[in-house]
Each structure stands twice: as structure tokens, then as C-alpha cells.
Number of protein chains: 2
Amino acid sequence: MRILDAAIASVRQKGYAATRVDEVASCAGVTKGGFFHHFSSKEEMAVAAAMRWSEVTGQLFEAAPYHLPDDPLDRVLAYIDFRRDIIGGQTDEFTCFAGTLAQETHLSAPTIRDAARASIFDHAQTLTADIEAAKSRSCPDADWTADSLALHTQAVLQGAFIIAKADGGPERARESVGHLRRYVELLFGRRPKSSAN
Amino acid sequence: MRILDAAIASVRQKGYAATRVDEVASCAGVTKGGFFHHFSSKEEMAVAAAMRWSEVTGQLFEAAPYHLPDDPLDRVLAYIDFRRDIIGGQTDEFTCFAGTLAQETHLSAPTIRDAARASIFDHAQTLTADIEAAKSRSCPDADWTADSLALHTQAVLQGAFIIAKADGGPERARESVGHLRRYVELLFGRRPKSSAN
DNA sequence: GAATACATACCAACCGGTTGGTATTTTTGT
DNA sequence: ACAAAAATACCAACCGGTTGGTATGTATTC
């Protein structure tokens with residue numbers, strides 16, 4: 001849906017409150033009247049956009065090459081490398097639509113927040129199986145859960161995005177993801193490879 | 001300044017774009033006319049608020065007890081514990097004004113973004129000396145810089161705040177800060193103490 | 001023929017900012 | 001020491017552009 005893609009692009013650039021339905025509509029090649037034929041309110045659009053975001057990113061990550069390694073820990077590390085590698089270019093090309101949405105609507109629009117929450121948490125969930133497998137192999141008695149580590153990866157990414165936005169560029173954000181990689185390596189007792197940070 | 005405190009509170013709750021100068025003014029006990037006597041625009045208010053935020057948080061952290069330990073690594077760990085302990089209650093009571101501001105204004109208002117950037121990066125900077133000291137003691141040849149680890153702590157915190165906002169509560173955010181603590185312990189070869197996560 | 005997918009035209013509320021004025025405090029001239 | 005002058009801190013009312021949303025009409029598709 002072109003309207004949702006335009007909405008996602010606008011929110012990533014300017015945030016939810018600052019995106020104008022007029023502009024979303026015209027970017028999608030529709031007038032405002034046409035927009036309100038598809039969505040009864042801006043809020044409904046945001047919820048739909050969050051679901052579309054889940055769908056689009058879901059396909060992107062499903063098709064990504066980080067699933068190839070045989071070892072589950074290697075897959076987790078490959079995921080982190082993949083996330084680090086796609087941080088680049090303009091800020092609005094790599095930051096997370098759902099995180100941005102959650103930040104602005106957490107108090108004012110619970111339906112939007114819930115949709116954003118689902119997008120983030122469901123994506124984190126896709127990592128837990130591999131983390132759990134790696135954990136039961138290398139450190140079954142560790143005092144942390146696969147679930148919490150999976151969500152932590154998302155927290156680091158969301159934080160890195162804010163650093164990138166504040167800094168005006170992706171370099172420092174990538175450094176943070178590098179620290180996340182080293183953390184996972186250390187957690188599972190793998191010798192960190194040297195990679196300047 | 002009452003106006004800046006009201007502005008900070010409003011931005012933390014609703015974000016920058018959604019805060020109305022009318023409301024900021026009346027929360028500060030002033031009319032809109034009075035507001036524009038002190039600030040020539042909403043943007044100027046945001047920049048001033050970011051500087052006040054730096055000042056207020058600067059004093060808070062300077063007076064905090066995490067500086068007491070003699071060992072620099074203990075101070076860094078105490079800092080992380082301190083940050084984790086103050087994550088609680090309502091979301092807008094513990095989240096970062098500067099991070100919220102940066103997210104919304106990174107493209108549209110460079111002056112605001114720069115002020116937010118300074119607030120975050122300068123605060124990170126207060127950690128580098130201790131991290132550097134701990135590093136040159138335990139792992140002088142490690143392939144990461146004190147500076148990047150300091151900024152990483154802020155990235156994790158900013159990310160934890162987004163998780164808290166999306167989740168509607170601080171528990172999962174605290175878990176992430178727990179992972180950050182474990183990372184620092186592992187980095188410096190200190191045996192992690194068991195603390196369920 | 002009726003549901004879909006739009007467009008045009010419009011509106012009421014809102015919002016950042018302005019204007020012109022008043023009360024109060026501070027500075028200055030003598 | 002004290003009044004004139006100037007700067008400060010505010011307010012009530014207003015302005016014009018913007019914004020989310022509506023009402024109504026029309027071409028296309030099934």
C-alpha cells in the first residue's frame with residue numbers, strides 16, 4: 001500500500017506528530033479525501049503502518065543471509081553483524097519506524113504503542129530460539145534468559161539509532177553494535193576477534 | 001526557570017512536536033505572551049531546555065553516590081547500578097529528555113539536535129576517565145576505546161528507555177541495563193555476580 | 001447497479017507568533 | 001536620597017496559516 005509506505009517514510013524522517021496526513025497522501029499520489037477513504041483517522045493509519053512495518057521487516061530478515069550458519073551462536077552473531085552492516089547512509093534509511101512511533105505515542109495513543117510494541121517484541125522473539133540453543137550448549141546455568149538477551153539486542157539497536165540521530169551520522173551507532181557483538185561473544189565464551197572500535 | 005521545567009516535563013511526556021507552547025506557558029503560570037517575552041520561538045525554548053537539562057542532570061550525577069568507590073571499575077559499575085535503580089515509576093519520570101528531543105528534531109532543527117547531542121555526549125564523557133583508568137589496569141591492549149564504551153552505556157540506556165515506552169513499564173528496560181552491567185564485568189574480567197535476569 | 005476508489009471543496013479548531021499595553025523592578029541623574 | 005527614566009516581566013486579545021477531518025460528487029470496476 002503506497003499510503004503506508006509514505007507514512008513510514010515520513011515518520012522515520014520527521015516523527016509521528018510532525019507527519020501531516022496531507023503530505024502522506026500527496027506522497028502516495030492521493031488527495032487527502034482519498035486518504036480518508038482508506039483510513040478513518042491518522043491514528044488508524046499509524047496502527048496499519050506499524051503492521052506493515054512488521055511485515056516488511058519480517059520479510060527482509062527472513063530472507064537475510066544470517067540464517068545460513070549451522071551453529072546457533074554463529075547465527076546470532078551473524079544477525080548482529082547484519083544489523084551493524086545495514087546501519088549507514090542517511091539516518092532515516094536505517095532507523096526503526098516502530099521505535100520512533102513508540103517514543104512519541106506511548107502515553108497519548110495506546111493503540112499505536114501496542115502496535116509498535118508488537119513490532120519490536122515480535123522481532124526480538126525471532127532470535128530467542130537460537131539464543132536458547134546456544135545457551136543450553138555453552139552456558140545452560142547462566143543467570144540470564146534467552147528472552148531478555150534477545151530484547152537487549154533490540155534495546156542496543158534502538159539506542160544506537162538515537163545516538164546516530166543525535167550525532168548526525170551512523171559511525172558511533174555502529175560502534176555500539178560492535179560492543180553488543182563483543183558482549184555476546186564474551187557471554188558464550190568465544191574469543192573476541194580483533195576489530196578496532 | 002519554571003518555563004523550561006514545564007517544557008522538559010511536557011517533552012518527556014508527549015514529545016517535542018506535540019508539546020504546545022500555550023500549555024508549557026500555562027503550566028509555568030504564564031500566558032503565551034509572557035512565554036514569548038522569554039523565548040523568541042519554540043525552537044529557542046527547546047535549545048534552552050536542553051542546556052537546562054544538561055545542568056540539572058549534571059548536578060544530579062555529580063552528587064550521586066556512585067563516585068565513592070576507590071576503584072575506577074567499581075565506580076563505573078556503581079554508575080550502571082545507579083542508572084538501573086532510577087528506572088522506575090512512570091515512564092516520563094526516568095526517560096531522557098535529550099534523547100527524545102534528538103529523535104524528533106535530528107533533521108528538522110539542527111540547533112536543537114546539537115544541543116541534545118551535547119547533553120548526551122558530554123554526559124558520556126564524564127565516564128571516560130574511570131573507564132580509561134580501569135582499562136589501562138586490566139586490559140590495556142583491548143580493541144575498544146574508553147570513549148566508545150562510555151557512549152555505548154548511553155546507547156543502552158536510550159534503547160532501554162524506548163523499550164520501556166513501548167512496553168508500558170520499566171521492567172524490561174532494567175533487564176537491559178543488567179546486561180550492560182554484565183558486559184562491563186566480562187570486559188574487565190570480573191566474575192559476574194548472580195542476579196537473576 | 002452498487003460498491004470501490006478516488007477528487008474537490010470546505011470547515012472548525014488549533015497553534016505559533018504578534019501587538020499594544022500595564023505593573024514592577026532596576027538603573028541613573030542630580 | 002529621590003525622582004525620572006529605562007528596562008523587565010508579564011497579560012489579553014488577536015492573526016493568519018495549518019491541520020485533521022467531513023460532505024459531496026464522479027469515474028471505474030465487478
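No experiment lies behind these values; they were computed from the predicted model shown. What's counted below: heavy atoms across the whole structure, side chains too, no hydrogens, waters or symmetry copies. Naming convention: chains lettered A, B, ... in sequence-line order (proteins, then strands); numbering from 1 in each chain.
Scored by the salt bridge (charged side-chain N to carboxylate O under 4.0 Å, His left out) test, A:Arg20 finds no partners at all (sequence neighbours excluded). The salt bridge (charged side-chain N to carboxylate O under 4.0 Å, His left out) search around A:Lys42 returns none, not counting sequence neighbours. Taking the ring-ring contact (aromatic ring centres under 6.0 Å, His included) definition, one finds that A:Tyr79 meets it with A:Tyr66, A:His123, sequence neighbours left out. Among residues two or more places apart in sequence or in another chain, the side chain to side chain donor-acceptor pair (under 3.5 Å) test is passed with B:Glu55 by none. Residues satisfying the side chain to side chain donor-acceptor pair (under 3.5 Å) criterion with A:Asp74, sequence neighbours excluded, are A:Arg190. Checked against side chain to side chain donor-acceptor pair (under 3.5 Å), B:Thr95 has no partners two or more places apart in sequence or in another chain. Judged as a side chain to side chain donor-acceptor pair (under 3.5 Å), and not counting sequence neighbours, B:Glu171 has no contacts.
In this structure, A:His37 places its NE2 atom 7 Å from P of C:dC6, rounding to the nearest Å. Atoms NE2 (A:His38) and C1' (C:dA3) sit 13 Å apart, rounded to a whole Å.
Among residue pairs with one or both ends in residues 9-33 of chain B, none qualify as ring pair (Phe, Tyr, Trp, His ring centres under 6.0 Å); sequence neighbours excluded.
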Next item on the list: Heavy atoms under 4.0 Å is the rule here; annotate nucleotides 24-30 of chain D 5' to 3' with B where the base is hit, S where only the sugar-phosphate is, and - elsewhere.
Entry: -------
Next item on the list: Determine, for nucleotides 16-24 of chain C in 5'-to-3' order, which nucleotides have protein heavy atoms under 4.0 Å from the base (write B), from only the sugar-phosphate (write S), or from neither (write -).
Entry: BBB------
Note to self: Set out, in order, the CA-CA distance, both residues' side-chain angles and the distance that settles side-chain contact (heavy atoms from CB on, under 4.5 Å) for A:Gln154 and A:Phe121, then state yes or no.
What the structure shows: CA-CA 8 Å; A:Gln154 302 310 299; A:Phe121 281 61; over 6 Å; no
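Between its opening and closing five pairs, the helix from C:dG1-D:dC30 to C:dT30-D:dA1 changes axis direction by 20°, a value rounded to 10 degrees.
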Side chains of residues 112-119 of chain A: which donor-acceptor pairs under 3.5 Å do they make with residues two or more places apart or in other chains?
unit_1	atom_1	unit_2	atom_2	d
A:Arg117	NH1	B:Asp167	OD1	2.1
A:Ser119	OG	A:Ser54	OG	3.1

